[in-house]
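Structure first, commentary second.
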2 protein chains.
Amino acid sequence: MVKEKANQDTETQILNAAKDVFQKKGMDGARMQEIANEAGINKAMLHYYYRSKQLLFEAVFNNAFSLLAPELNKILNDDSAVEDKVRNFTSNYITFISKHPYLPNFIIQELNRNPKFFEKIQQNAAFPTLDKFKAQVALEVEKGILKPIDGEQLFINIISLNIFPFIATPLIKGLLKVDDKGFKQLMEKRKIAVSEFIINSIKK
Amino acid sequence: MVKEKANQDTETQILNAAKDVFQKKGMDGARMQEIANEAGINKAMLHYYYRSKQLLFEAVFNNAFSLLAPELNKILNDDSAVEDKVRNFTSNYITFISKHPYLPNFIIQELNRNPKFFEKIQQNAAFPTLDKFKAQVALEVEKGILKPIDGEQLFINIISLNIFPFIATPLIKGLLKVDDKGFKQLMEKRKIAVSEFIINSIKK
DNA sequence: TTGCGGTTTAACCATTTGGTTAGCAAAGAT
DNA sequence: ATCTTTGCTAACCAAATGGTTAAACCGCAA
């Protein structure tokens, strides 16, 4: 059927438009009409393919989380040493997020709005768990590679240092009085600065 | 006049109710009717005292920012040594934010929604600047008290480590599989863990 | 007691918004 | 050639929402 192609086309076109609008404006701020406009189609099509705003939103959200999860897994379920993980994750994550600037804020914001979402995405394949990372940190502490530190706290520190600046971009720009270009330069420096900062702190 | 008291009463009652609703649901998600209900008054009163949703929102936002700004100033414009600042700020901030859990997310979210807000609040008295802190860090680095580090990056690191967990609470709860009580315990530990982590990294 | 000012309310209004519907167009099946 | 299914649109609908208004209320001064 030729329709199947057209079908697929408009369906993904809707999803892409929805991604844009939802990630910029959030569930509450997004308007179905705006998504339709951005997709260049009739508003009724949104309901034809996704039934409701809620379901369209969930499609976008799952999509976004599926993009973020593998990034987290890099630091959680990879086999390299903690030090290497930190270096790789920091550099990779900042590169990754520069391509998807709205992503972390979107996920965190909507998770705050409706914490129950977590139950849904936990069923998602490749959902990150902390078990391996915790064991690994404990082992390296025991071996004397790392100073004593709790794996959970270390994990929180790593993602805080990497994610926060991209969530609080306007705040940081304002406090540091830098423009878009200056901010990007700061983030570029952080690819190394953050991992140095972390490793300085934990390596014996 | 007795009215002035009643006047003040309802006006602040409105502001308090608005604070609650706006901070939980954001500008887009908040409903004037819900604010009125929470304040126990007629919806028309909101407009009588604050003219529009936008103006009521701005009153709440300025109020919230005025609460956060002094916290930031503690680390920026205080006279103690960097190490002491880090210890005090970390401990104080986590205590402070536990009392205002919605605050940082609210500010950051709304700043993302409308970055122009910054221009307005910059006119606010006691708006934090980074100049003194940067100079101080440079000086302590020169003196050999601290390892070489950029003041701006250090500042970003400090606020990232302290603020992020409270913005991404549902994400962290989900990934670490802890409940409300477990999360609070983690944050309690962070009062010391975070400052140790930072100082470990920067002190020579 | 009456009149005046600020305060408060119920009812109302215009617009927005998510969602529906009836029908059209086009392509495959019979 | 006709029927059926599928993609698609214009027009429509009911509910929600920010905001307004006219009138009532109430303490006070004259």
Side-chain angles (χ1 to χ4, degrees), chain A residues 1-63 106 109-110 113-114 116-117, chain B residues 1-63 106 109-110 113-114 116-117:
Chain A
M1 281 198 257
V2 181
K3 285 161 200 166
E4 231 169 58
K5 205 181 98 194
N7 183 326
Q8 271 262 344
D9 262 354
T10 43
E11 192 166 342
T12 56
Q13 239 174 325
I14 291 173
L15 198 65
N16 284 332
K19 224 178 274 181
D20 271 20
V21 176
F22 275 130
Q23 292 195 6
K24 273 183 204 152
K25 313 211 166 170
M27 171 66 168
D28 291 329
R31 295 291 161 247
M32 294 297 267
Q33 186 60 58
E34 190 181 351
I35 295 173
N37 290 346
E38 186 133 335
I41 51 140
N42 190 288
K43 180 165 68 88
M45 290 274 78
L46 303 184
H47 294 95
Y48 182 76
Y49 284 107
Y50 292 91
R51 294 199 64 80
S52 70
K53 187 185 184 184
Q54 178 65 24
L55 288 175
L56 176 55
F57 173 79
E58 285 176 23
V60 169
F61 188 88
N62 288 333
N63 223 285
F106 172 67
Q109 188 50 31
E110 299 304 328
R113 210 178 50 86
N114 184 7
K116 288 176 205 154
F117 258 126
Chain B
M1 279 198 260
V2 180
K3 286 160 200 166
E4 231 168 56
K5 207 182 97 192
N7 183 326
Q8 271 262 346
D9 263 354
T10 42
E11 192 166 341
T12 56
Q13 238 173 325
I14 291 173
L15 198 64
N16 284 333
K19 225 178 273 182
D20 272 19
V21 176
F22 276 130
Q23 292 193 6
K24 272 183 205 150
K25 312 212 166 170
M27 171 67 168
D28 292 329
R31 296 291 160 247
M32 293 297 266
Q33 186 60 58
E34 190 181 350
I35 296 173
N37 290 346
E38 186 132 337
I41 51 141
N42 190 285
K43 179 163 69 86
M45 292 270 69
L46 304 184
H47 295 94
Y48 182 76
Y49 284 106
Y50 292 92
R51 293 201 64 79
S52 70
K53 187 184 185 184
Q54 178 66 24
L55 288 176
L56 176 54
F57 173 80
E58 284 176 23
V60 169
F61 188 87
N62 287 332
N63 224 283
F106 172 68
Q109 187 50 30
E110 299 303 328
R113 209 179 50 86
N114 183 7
K116 288 175 206 154
F117 259 126

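Labels below follow one simple rule: chain letters A, B, ... track the order of the sequence lines, proteins then strands, and each chain is numbered from 1.
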Subject >> Nearest-Å distance for atom pair CD1/P, residues I41(A) and dA10(D) >> reply: 11 Å

Original post:
Roughly, in whole Å, what's the span from OH in Y48(A) to P in dC24(C)?
Top reply: 17 Å

**OP:** Provide, to the nearest angstrom, the distance between the CE atom belonging to M45(A) and the C1' atom belonging to dA11(D).
**Re:** 15 Å

Original post:
Whole Å only: how far is the CG atom of N37(A) from the C1' atom of dT9(D)?
Top reply: 14 Å

Subject >> Polar contact flag, side-chain donor to acceptor under 3.5 angstrom, Q33(A)-N37(A) >> reply: yes

**OP:** Could you grab the distance from atom CG of L15(B) to atom CG of D20(B), nearest 0.5 Å is fine?
**Re:** 10.5 Å

Subject >> Check against side chain to side chain contact (heavy atoms under 4.5 Å, CB included), R31(B) and K25(B) >> reply: CA-CA 9 Å; R31(B) 296 291 160 247; K25(B) 312 212 166 170; over 6 Å; no

Subject >> Nearest-angstrom distance from the residue atom CG of D9(B) to C1' of dT8(C) >> reply: 14 Å

Original post:
At their closest point, which heavy atom of E11(A) faces which heavy atom of Y50(A), and how far apart are they?
Top reply: O-OH, 3.3 Å

Original post:
At what distance, to the nearest 0.5 angstrom, does CE of M27(A) lie from NZ of K53(A)?
Top reply: 5.0 Å

Subject >> Short side-chain N/O contact to dT8(C) OP1/OP2 from T10(B), under 4.0 Å >> reply: yes

**OP:** For each nucleotide in nucleotides 18-25 of chain D, reading 5' to 3', give B when a protein heavy atom comes within less than 4.0 Å of its base, S when such contact involves only the sugar-phosphate, and - otherwise.
**Re:** BBBB----

**OP:** Report the distance from atom CG of L46(B) to atom P of dT9(C), rounded to the nearest whole Å.
**Re:** 11 Å

**OP:** Output yes when at least one side-chain N/O atom of Y49(B) is less than 4.0 Å from OP1 or OP2 of dT8(C), else no.
**Re:** yes

Subject >> Between the first and last five pairs of the helix from dT1(C)-dA30(D) to dT30(C)-dA1(D), the angle of the axes, rounded to 10 degrees >> reply: 20°

Original post:
Of the non-hydrogen atoms in D28(A) and R113(A), which two are nearest, and what is the gap between them?
Top reply: OD2-CD, 3.6 Å

Original post:
So how far is it from F57(B) CZ to N114(B) CG, rounded to the nearest 0.5 Å?
Top reply: 8.0 Å

**OP:** Could you grab the distance from atom CD1 of I35(B) to atom CD of Q13(B), nearest 0.5 Å is fine?
**Re:** 13.5 Å

Original post:
Any side-chain donor paired with an acceptor under 3.5 Å for E58(B) and N62(B)?
Top reply: no

